[in-house]
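Here the structure comes first, spelled out in structure tokens, and everything after it is commentary.
Atoms within each ligand, like the ligands themselves, are counted from 1 in listed order.
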Amino acid sequence: MNKPLVYITRKIPNEIVEPFRELFEFRMWEEAEEPVPRDRLIKEMEQADALLCLLTETIDRELLESAVNLKIVANMAVGYDNIDVNTARDKGITVTNTPDVLTNTTADLTFALLMAAARKIVEGVNFIKKDKWEHWSPFLLAGSDIHHKTIGIVGMGRIGKAVAKRAKGFDMEVLYHNRSRNLEAEQELQAIYTDFDKLLERSDFIVSLVPLTNETKHMFDRTSFQKMKSRAIFINVSRGQVVDETALYHALESNEIAAAGLDVFEKEPIRADHPLLELDNVVCLPHIGSASIETRVRMLELCLENILLLFNGEEPKTPV
Ligand code: NAP
């Protein structure tokens with residue numbers, strides 16, 4: 001009997017697929033850095049039994065309908081806003097994601113971004129590189145304290161809770177907002193449930209960790225930034241489209257808020273002439289929340305484990 005064919009949309013290290021070769025045939029897009037062109041991906045769907053894809057691929061109705069044998073889409077991300085999950089369900093195609101394995105790594109990056117924005121780390125590095133350092137001065141590159149401040153986490157899920165844990169280590173007060181209360185976070189981390197507007201008004205740091213959905217699209221808009229303190233620092237590690245970037249630019253440029261740390265953007269990749277990059281009070285990263293070697297390997301392995309379980313007739317570990 002033919003082995004099921006797994007199509008992987010990026011070149012990944014051989015060691016990761018090797019343990020699965022006995023059971024599956026693999027085909028991979030040959031580039032490590034460049035996404036597979038859409039027409040090529042659609043063509044591959046004529047034969048693939050399983051698809052391991054990244055958030056750079058849009059798995060929409062057209063693509064799913066071109067798939068003849070496809071049984072599973074294993075997305076190498078916890079967010080799955082790139083996939084038309086309803087059409088997949090209608091076609092009997094299982095969709096899986098990679099929760100948990102990236103939680104702590106993404107929380108580390110969230111906190112790094114928060115600290116970099118608060119303490120002007122990138123500005124400081126550039127200051128030296130541009131040879132501007134002449135004297136020590138009382139308020140040279142003076143930022144905001146982090147310890148004993150209030151952090152407001154919008155989206156207190158797995159990553160939100162891991163960020164709250166880090167915040168507790170800095171003696172911060174933790175506010176959070178979800179559609180439903182997270183009692184574990186309240187009991188274990190003394191997080192305080194707060195409505196969205198109050199959270200915006202009371203927090204020194206506002207951190208977005210909500211998934212991108214119809215409800216969360218542009219939830220941080222002009223009115224939201226107006227409600228924040230003028231010393232507030234906004235951090236987004238969820239998805240770019242939860243923020244109205246024009247409103248954010250305006251809020252930063254007019255000092256309506258103090259600074260921002262962004263790992264994600266409305267349209268990725270951003271180019272060097274993106275307006276937000278003109279501002280000194282913004283730290284931008286190229287969507288690297290889960291990018292540690294250990295975690296990226298674990299995410300790929302989890303995708304392959306999910307595919308393996310499905311073809312063994314078992315429930316995948318992390319269906320969406
Ligand atoms: P999660 O455990 O599902 O947490 C998401 C939280 O958001 C939940 O607590 C949920 O609570 C809340 N939420 C959902 N819709 C909401 C709404 N309309 N209003 C308020 N709160 C809402 O997910 P996670 O594993 O922590 O991941 C969170 C997101 O981070 C992912 O979806 C992904 O987009 C992003 N992410 C980014 C990176 C990166 O590289 N930058 C890496 C990993 C993850 P309720 O259901 O009670 O509302």
Side-chain angles (χ1 to χ4, degrees), residues 54-56 58 75-83 85 95-114 116-117 151-167 174-186 188-189 191-200 203 206-221 224 234-243 260-270 283-296 298-300 302-303 317-320:
L54 321 181
L55 45 78
T56 42
T58 304
N75 200 37
M76 188 201 174
V78 64
Y80 48 86
D81 45 278
N82 57 319
I83 300 174
V85 177
V95 178
T96 63
N97 64 346
T98 60
D100 302 317
V101 294
L102 48 58
T103 294
N104 281 312
T105 303
T106 309
D108 284 349
L109 190 280
T110 308
F111 225 81
L113 204 43
L114 181 155
I151 185 173
I153 298 174
V154 182
M156 180 66 93
R158 289 169 291 243
I159 303 169
K161 200 172 152 215
V163 169
K165 199 168 168 187
R166 283 152 181 76
V174 179
L175 309 181
Y176 79 97
H177 178 70
N178 271 359
R179 287 166 305 178
S180 53
R181 283 174 65 171
N182 183 328
L183 296 179
E184 262 183 35
E186 294 185 20
E188 290 169 24
L189 301 163
I192 301 164
Y193 185 77
T194 316
D195 73 39
F196 186 55
D197 287 351
K198 284 255 154 45
L199 180 146
L200 301 179
S203 303
I206 292 108
V207 179
S208 169
L209 282 164
V210 282
L212 172 63
T213 62
N214 290 337
E215 266 180 67
T216 61
K217 186 156 196 258
H218 281 197
M219 83 187 279
F220 295 95
D221 58 8
S224 320
F234 176 70
I235 307 295
N236 186 12
V237 185
S238 59
R239 285 289 183 267
Q241 288 175 47
V242 307
V243 177
L262 309 170
D263 185 42
V264 287
F265 301 87
E266 278 199 76
K267 195 168 177 315
E268 296 176 6
I270 58 167
V283 179
C284 294
L285 294 176
H287 201 150
I288 55 169
S290 64
S292 71
I293 293 167
E294 298 90 326
T295 291
R296 288 289 165 85
R298 202 51 214 112
M299 288 163 74
L300 285 166
L302 178 55
C303 291
K317 277 189 185 163
T318 52
V320 307

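- The shortest N/O to N/O separation between Arg158 and ligand 1 falls below 3.5 Å.
- Applying the 4.0 Å criterion to heavy atoms of Met156 picks out, from ligand 1, the atoms 9 (O).
- A side-chain contact (heavy atoms from CB on, under 4.5 Å) with Ile151 is found for exactly one of Leu175, Ile206, Val163, namely Val163.
- With a 4.0 Å cut-off on non-hydrogen atoms, Arg239 touches ligand 1 through its side chain and not its backbone.
- When only non-hydrogen protein atoms are considered, atom 5 (C) of ligand 1 lies nearest to Pro211 CD, 3.6 Å.
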Could you walk me through whether Arg239 and Thr216 pass the side chain to side chain contact (heavy atoms under 4.5 Å, CB included) check? CA-CA 10 Å; Arg239 285 289 183 267; Thr216 61; over 6 Å; no
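- For atom 18 (N) of ligand 1, the closest non-hydrogen atom of the protein is Glu215 OE1, 3.1 Å.
- Close approach of ligand 1 to Gly155 is summarised as follows: ligand atoms under 4.0 Å from at least one heavy atom of the residue are 6 (C), 7 (O), 12 (C).
- The ligand atoms of ligand 1 that sit less than 4.0 angstrom from a heavy atom of Asp263 are 39 (C), 40 (O), 41 (N).
- The contact set between ligand 1 and Val237, taken as ligand atoms under 4.0 Å from a residue heavy atom, comprises 35 (C), 36 (N), 37 (C), 38 (C), 39 (C), 41 (N).
- The closest side-chain heavy-atom distance from Ile288 to Asp263 is below 4.5 Å.
- Looking only at atom types and distance, the side chain of Thr105 has no donor-acceptor partner in the side chain of Asp108 under 3.5 Å away.
- Set against the non-hydrogen atoms of Ser290, the atoms of ligand 1 under 4.0 Å away are 40 (O).
- For atom 16 (C) of ligand 1, the closest heavy atom belonging to the protein is Arg179 NE, 3.5 Å.
- Around CG of Leu183, the count of heavy atoms belonging to other residues, nucleotides or ligands within 6.0 Å exceeds 12.
- Of the protein's non-hydrogen atoms, Gly157 CA, 3.2 Å is the one closest to atom 4 (O) of ligand 1.
- When side chains are defined from C-beta on, Val78 does not count as touching Val101, because their heavy atoms never get closer than 4.5 Å.
- Using a non-hydrogen distance threshold of 4.0 Å, Leu209 registers as a contact of ligand 1.
- At the shortest separation from atom 47 (O) of ligand 1 among protein heavy atoms lies Ser180 OG, 2.4 Å.
- Taking every non-hydrogen atom of Thr106 and a distance limit under 4.0 Å, the qualifying atoms of ligand 1 come out as 38 (C), 42 (C), 43 (C).
- In this structure, Asn104 and Arg166 have side chains that are in contact, with non-hydrogen atoms separated by less than 4.5 Å.
- Under 3.5 Å, the side chains of Ser238 and Ser208 contain a donor-acceptor pair of N or O atoms.
- With sequence neighbours excluded, no residue forms a salt bridge (charged side-chain N to carboxylate O under 4.0 Å, His left out) with Glu268.
- Atom 44 (C) of ligand 1 has its closest protein heavy atom at Val78 CG1, 3.2 Å.
- Asn97 is linked by a side chain to side chain donor-acceptor pair (under 3.5 Å) to nothing, counting only residues two or more places apart in sequence or in another chain.
- If you look at Pro99 next to ligand 1, there are no close heavy atoms at all, none under 4.0 Å.
- In Ile159, the parts holding a heavy atom less than 4.0 Å from any atom of ligand 1 are both the side chain and the backbone.
- Side chains of Leu212 and Lys217 form a contact here, defined as non-hydrogen atoms less than 4.5 Å apart.
- When hydrogens are left out, the protein atom nearest atom 22 (C) of ligand 1 is Val210 CG1, 3.5 Å; that is the closest non-hydrogen contact.
- By the 6.0 Å contact criterion, CZ on Phe265 is enclosed, its count of non-hydrogen atoms from other residues, nucleotides or ligands being greater than 12.
- Listed by atom number, the atoms of ligand 1 under 4.0 Å from His287 heavy atoms are 39 (C), 40 (O), 41 (N).
- Looking only at protein heavy atoms, the nearest one to atom 12 (C) of ligand 1 is Asn178 OD1, 3.6 Å.
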